[in-house]
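Structure first, then comments.
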Amino acid sequence: MPRPGSVWAAALLLALALGRGGCSEITFELPDNAKQCFYEDITQGTKCTLEFQVITGGHYDVDCRLEDPDGVVLYKEMKKQYDSFTFTASRNGTYKFCFSNEFSTFTHKTVYFDFQVGEDPPLFPSENRVSALTQMESACVSIHEALKSVIDYQTHFRLREAQGRSRAEDLNTRVAYWSIGEAIILLVVSIGQVFLLKSFFSDKRTTTTRVGS
């Protein structure tokens, strides 16, 4: 027979494995001169949060726009690297949020966004309960909240690491091209100096013209 502590631990791991309710996390490629839109069905009175960050590409900026089912603009920002916006749905319907890279001609972007709809479901629902949470249940709830914070921190650190790696690779590429250019220039200058010095020591025939009286 399993121990009670093992049962609670298994229940906690199962709840964590189910993930956060109403949460969409996506990382996608946004080509140059392109626009990508996403849609979400939301009920009235639901609290939502949209958070995004540009990971790679150009100046790490993108246009973002959020509209309600009637087409009313709830949020609009131009050339933002990252931002977060929280709102409460005023009516039922499909909400649309778009990311645009139409202002960029050559560079594509990698964009991450996290769209949370509603609050997370409780770890232990209060329906059909006649007593308060036990000490074990309260400890599980505290651990669950702490682990959610850890997941959020890990996500942000992974994004920062990916952005830093992208910048380092871009800098490394620029340094490599600059080094190749310097090597070519040095080779051309060296060859030019060799031919120049060779011209100084080459024998030149002189022609003497005798003028008779």
Side-chain angles (χ1 to χ4, degrees), residues 8 11-30 34-55 60-101 109-163:
W8 285 114
L12 177 60
L13 292 176
L14 177 60
L16 292 177
L18 293 177
R20 293 179 292 177
C23 176
S24 300
E25 295 184 73
I26 296 178
T27 301
F28 65 98
E29 295 285 339
L30 186 61
K35 181 179 180 180
Q36 183 70 46
C37 294
F38 301 88
Y39 303 84
E40 186 75 26
D41 292 330
I42 306 174
T43 58
Q44 183 178 2
T46 304
K47 184 179 180 181
C48 307
T49 300
L50 172 62
E51 182 178 0
F52 68 92
Q53 180 176 346
V54 182
I55 303 175
Y60 302 90
D61 53 357
V62 73
D63 296 342
C64 182
R65 181 187 181 97
L66 173 66
E67 298 178 358
D68 68 0
D70 295 328
V72 178
V73 178
L74 303 178
Y75 171 83
K76 181 180 179 181
E77 288 293 338
M78 310 294 290
K79 297 184 178 181
K80 294 285 291 187
Q81 294 183 353
Y82 58 88
D83 202 6
S84 178
F85 176 69
T86 301
F87 68 98
T88 301
S90 59
R91 55 161 296 176
N92 298 331
T94 302
Y95 288 72
K96 180 177 72 172
F97 56 99
C98 301
F99 299 95
S100 174
N101 192 32
K109 311 289 176 62
T110 303
V111 183
Y112 162 86
F113 75 85
D114 178 9
F115 192 71
Q116 300 181 14
V117 180
E119 301 293 338
D120 294 337
L123 189 60
F124 298 102
S126 58
E127 295 88 359
N128 301 325
R129 293 187 62 94
V130 295
S131 61
L133 294 177
T134 64
Q135 185 176 2
M136 179 65 73
E137 291 173 339
S138 299
C140 289
V141 171
S142 299
I143 295 174
H144 180 61
E145 295 297 327
L147 288 178
K148 286 197 301 182
S149 299
V150 170
I151 292 174
D152 290 336
Y153 279 116
Q154 286 180 336
T155 299
H156 287 290
F157 281 128
R158 280 196 295 266
L159 292 176
R160 292 181 61 182
E161 186 273 336
Q163 190 177 61

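- Of all heavy-atom pairs spanning Asn92 and Pro69, the tightest one is O-CG, 3.9 Å.
- At least one donor-acceptor pair closer than 3.5 Å links the side chain of Asp63 to the backbone N or O of Lys79.
- No donor-acceptor distance shorter than 3.5 angstrom exists from the side chain of Asp114 to the backbone of Glu25, with no hydrogens or angles considered.
- Atom-to-atom distance recorded for Lys96:NZ and Arg65:CZ is 7.5 Å, nearest 0.5 angstrom.
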Self-check item: Stepwise side-chain contact (heavy atoms from CB on, under 4.5 Å) check, Asp70 with Arg91
Solution: CA-CA 9 Å; Asp70 295 328; Arg91 55 161 296 176; 2.5 Å; yes

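- Closest approach of Cys98 to Lys35, counting heavy atoms only: CB-CE, 3.7 Å.
- Other residues, nucleotides and ligands contribute at most 12 non-hydrogen atoms within 6.0 Å of the OH atom of Tyr82.
- What you find for Thr49 and Ser84 is that their closest heavy atoms are CG2-OG, 3.8 Å.
- Residue Tyr112 is tested with Thr27, Val54, Ile26 for a side-chain contact (heavy atoms from CB on, under 4.5 Å); the sole match is Thr27.
- Here the side chain of Glu67 pairs no donor or acceptor atom with the backbone of Val73 at under 3.5 angstrom.
- In this structure, Phe38 has its ring center under 6.0 Å from that of Phe113.
- For the atom pair Tyr153 OH and Arg158 CZ, the distance stands at 14.5 Å (nearest 0.5 Å).
- Residues Ala162 and Ile55 share a closest heavy-atom pair of CB-CG2, 3.6 Å.
- By the 4.5 Å heavy-atom criterion applied to side chains, Lys109 and Asp61 are counted as neighbours.
- One finds the CD atom of Glu51 at 7.5 Å from the CD atom of Gln116 (value rounded to the nearest 0.5 Å).
- For Tyr60, the ring-ring contact (aromatic ring centres under 6.0 Å, His included) test picks out no residue, with sequence neighbours left out.
- Summarising the geometry of Leu30 relative to Ser100, their closest heavy-atom pair is CD2-C, 3.9 Å, with the distance given to 0.1 Å.
- Within the 4.5 Å cutoff, side-chain heavy atoms of Cys64 are placed close to those of Leu50.
- In terms of the side chain to side chain contact (heavy atoms under 4.5 Å, CB included) criterion, residue partners of Leu74 (sequence neighbours excluded) are, by chain and number, Leu66, Asp68, Phe85, Phe87, Tyr95.
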